[in-house]
Amino acid sequence: MTDFTDRGVVLTGAASGIGRLMALRIAAAGGRVALWDIDEAGMESVRGEIVAQGGQAITVHCNLADRQSIKSAAAQTLGAFGAVDILINNAGIVSGKNLLEITDEQIELTFDVNTLALFWTTRAFLPAMLERNSGHVVTIASAGGIAGTAKLVDYCSSKFAAVGFDDSLRAELKRLNSKVMTTVICPYYIDTGMFSGVSTRFPWLLPILKPEKSVERILGAINKNRRRLIMPWFVYTTYMMRLAPVALSDWMLDFFGVTHSMDRFTGRK
Ligand code: NAI
């Protein structure tokens, strides 16, 4: 079991969406949360909410697209907490446009935040976790890290890489006989605003998830040391679809409305 009581927790992208909700719940469960985000005002507001409920949190300004910023955020956090027990790589961004409509810079930024930051944050905290032979590295990836779709070429590629990051890190930790845990989370769309405008054809199979319920399940998975959480359950069928010929699995993704899901995407304004 990974308990949050009195644990030092780094949570990236803590200023909004599921990051904010996770921060509130982890603090309520007795965790000391280092809120990492680029959005200072958002972080301060979350810290205010945590303090008001009697919890402990610090805000650490960090631009996850900048390796130096991550290094100094890690040093600041270790200075305040002494040790970090749980790292939750949650921050993520989406462009939501066709491949030729996004700029080179947007593609790079997507990979910087959604993928490369995982390397820099984990490399900052893993050595001490290995030394203590305890710790937990959580990757908030996406169902888009299991199946790709239109208007998300940069996003899905970056999340496929995030899933690969978790998979390989888990294997590496096993080879090292380490007790450091990893958990990867692959949700379908969550109603946080990040993916505003997306649609689903069969909501009873592929619902747009509610943030509160999603966070409850994510934190439950971390608590229970689950290696992987995919939600909703229907997304697990992606693995079976992969066994079918590509034309058939593409047809299925089309039929279930996944291929068109981003047609009316507006995202955060
Ligand atoms: P959100 O947009 O509400 O929150 C993302 C947070 O990341 C924001 O506070 C933002 O300021 C921060 N952030 C963005 N760029 C940053 C940077 N360069 N440095 C530091 N912080 C930065 O997003 P939401 O919906 O809470 O998503 C959280 C995670 O869940 C993301 O990784 C996302 O890809 C993933 N996810 C979200 C889904 C959804 O439908 N909302 C579905 C599947 C996965």
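Whatever order the structure lists ligands and atoms in, that order sets their numbers, starting from 1. Please read all numbers here as calculations on a predicted model, not as lab measurements.
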- Note on the structure: For Asp37 and Ala14 the tightest heavy-atom approach is OD2-N, 3.1 Å
- Note on the structure: Contact region, Ile93 to ligand 1, non-hydrogen atoms below 4.0 Å, reads side chain
- Item | Residue and atom name of the nearest protein heavy atom (relative to atom 30 (O) of ligand 1), distance in Å to one decimal | Ile140 CG2, 3.4 Å
- Give a yes or no on this: more than 12 heavy atoms of other residues, nucleotides or ligands lie within 6.0 Å of atom CZ of Arg123. no
- On the ring face of Tyr236, is Arg228 found with NZ or CZ under 6.0 Å from the centre and within 45° of the axis? no
- Message: Apply side chain to side chain contact (heavy atoms under 4.5 Å, CB included) to residues Phe4 and Asn223 and explain how you reach the verdict.
- Response: CA-CA 8 Å; Phe4 293 116; Asn223 269 157; 3.6 Å; yes
- Which residue holds the protein heavy atom closest to atom 7 (O) of ligand 1, what is that atom called, and what is the gap in Å? Gly13 CA, 3.5 Å
- Item | Minimum heavy-atom distance between Ala244 and Met252, given as atom pair plus value | CB-CE, 4.2 Å
- Note on the structure: Closest heavy-atom approach to atom 33 (C) of ligand 1 among Tyr188, Phe195, Tyr155 is made by Tyr155
- Which ligand 1 atoms are under 4.0 Å away from a heavy-atom of Arg268? 1 (P), 2 (O), 3 (O)
- Evaluate the criterion side-chain hydrogen bond (donor to acceptor under 3.5 Å, both in side chains) for residue pair Thr121 and Asn89; output intermediate values, then yes/no. CA-CA 8 Å; Thr121 56; Asn89 283 308; 2.7 Å; yes
- Residue portion contacting ligand 1 (non-hydrogen atoms closer than 4.0 Å) for Ala141: backbone
- In the protein, what heavy atom is nearest to atom 43 (C) of ligand 1, and what distance, to one decimal place, separates them? Pro187 O, 3.3 Å
- Residue-ligand contact Met43/ligand 1, heavy atom below 4.0 Å: no
- Task: Using heavy-atom distances, let me know which of Arg20, His61, Met231, Met194 sits nearest atom 23 (O) of ligand 1.
- Result: Met194
- Query: Looking at Ala91, which atoms of ligand 1 are within less than 4.0 Å of one of its heavy atoms?
  - Reply: 7 (O), 32 (O)
- For atom 26 (O) of ligand 1, the protein heavy atom that lies nearest, with its residue and separation: Ile18 N, 2.9 Å
- Task: Please determine, by modelled atom types, if Thr59 and Glu44 share a side-chain donor-acceptor pair under 3.5 angstrom.
- Result: yes
- Item | Pairwise distance OG(Ser261) to CG(Leu152) - rounded to 0.5 angstrom | 6.5 Å
- Item | Per-residue contact class, Cys62 against ligand 1 - non-hydrogen pairs under 4.0 Å | backbone
- Task: Write out the residue and atom name of the closest protein heavy atom to atom 4 (O) of ligand 1, then the distance separating them to 0.1 Å.
- Result: Ser16 OG, 3.3 Å
- Query: Near Leu64, which atoms of ligand 1 are under 4.0 Å from a heavy atom of that residue?
  - Reply: 17 (C), 18 (N), 19 (N), 20 (C), 21 (N)
- Task: Check each atom of ligand 1 against the heavy atoms of Val113 and keep those under 4.0 Å away; list them by number with element.
- Result: 18 (N)
- Message: Strictly distance-based, threshold 3.5 Å: is any side-chain N or O of Ser178 a donor or acceptor partner for the main-chain N or O of Leu173?
- Response: no
- Of the protein's non-hydrogen atoms, which lies at the shortest distance from atom 40 (O) of ligand 1, and what is that distance? Ile190 N, 2.6 Å
- Query: Checking side chain to side chain donor-acceptor pair (under 3.5 Å) against Thr182, which of Thr122, Asp166, Thr139 comes through?
  - Reply: Asp166
- Query: Given side chains that start at C-beta, do those of Ile50 and Arg47 come closer than 4.5 Å, heavy atoms only?
  - Reply: no
- Message: Less than 3.5 Å apart, any donor N or O on the side chain of Asn63 or Ser69 sitting next to an acceptor on the other?
- Response: no
- Task: Could you list the atoms of ligand 1 found under 4.0 angstrom from a heavy atom of Asn63?
- Result: 17 (C), 18 (N), 19 (N)
- Task: Nearest heavy atom to atom 21 (N) of ligand 1 wins, so pick from Thr110, Thr12, Ile38, Ile88.
- Result: Ile38
- Query: Do Arg32 and Phe81 meet the cation-pi criteria used here (NZ or CZ under 6.0 Å from the six-membered ring centre, within 45° of the axis)?
  - Reply: yes
- Give yes or no for whether the N/O distance cutoff of 3.5 Å, strictly under, is met between Asp39 and ligand 1. no
- Point-to-point distance, once rounded to the nearest 0.5 Å, from CG of Asp254 to OG1 of Thr259: 4.0 Å
- Could you pull out, from Pro211, Gly92, Gly17, the option with a heavy atom nearest to atom 5 (C) of ligand 1? Gly92
- Message: If we set the cut-off at 4.0 Å for heavy atoms, which region of Thr192 has an atom near ligand 1: side chain, backbone, both, or neither?
- Response: side chain
- Looking only at protein heavy atoms, identify the closest one to atom 8 (C) of ligand 1 and say how far it is in Å. Asp37 OD2, 3.6 Å
- Query: Does the pair Glu49/Arg20 count as a salt bridge with the N-to-O cut at 4.0 Å?
  - Reply: yes
- Is ligand 1 less than 4.0 angstrom away from at least one heavy atom of Gly193? no
- Message: So, regarding Trp36 and ligand 1 (criterion: nitrogen or oxygen to nitrogen or oxygen, under 3.5 Å), is there a contact or not?
- Response: no
- Under 4.0 Å from a heavy atom of Asn90: give me the atoms of ligand 1 that qualify, with their elements. 28 (C), 29 (C), 31 (C), 32 (O)
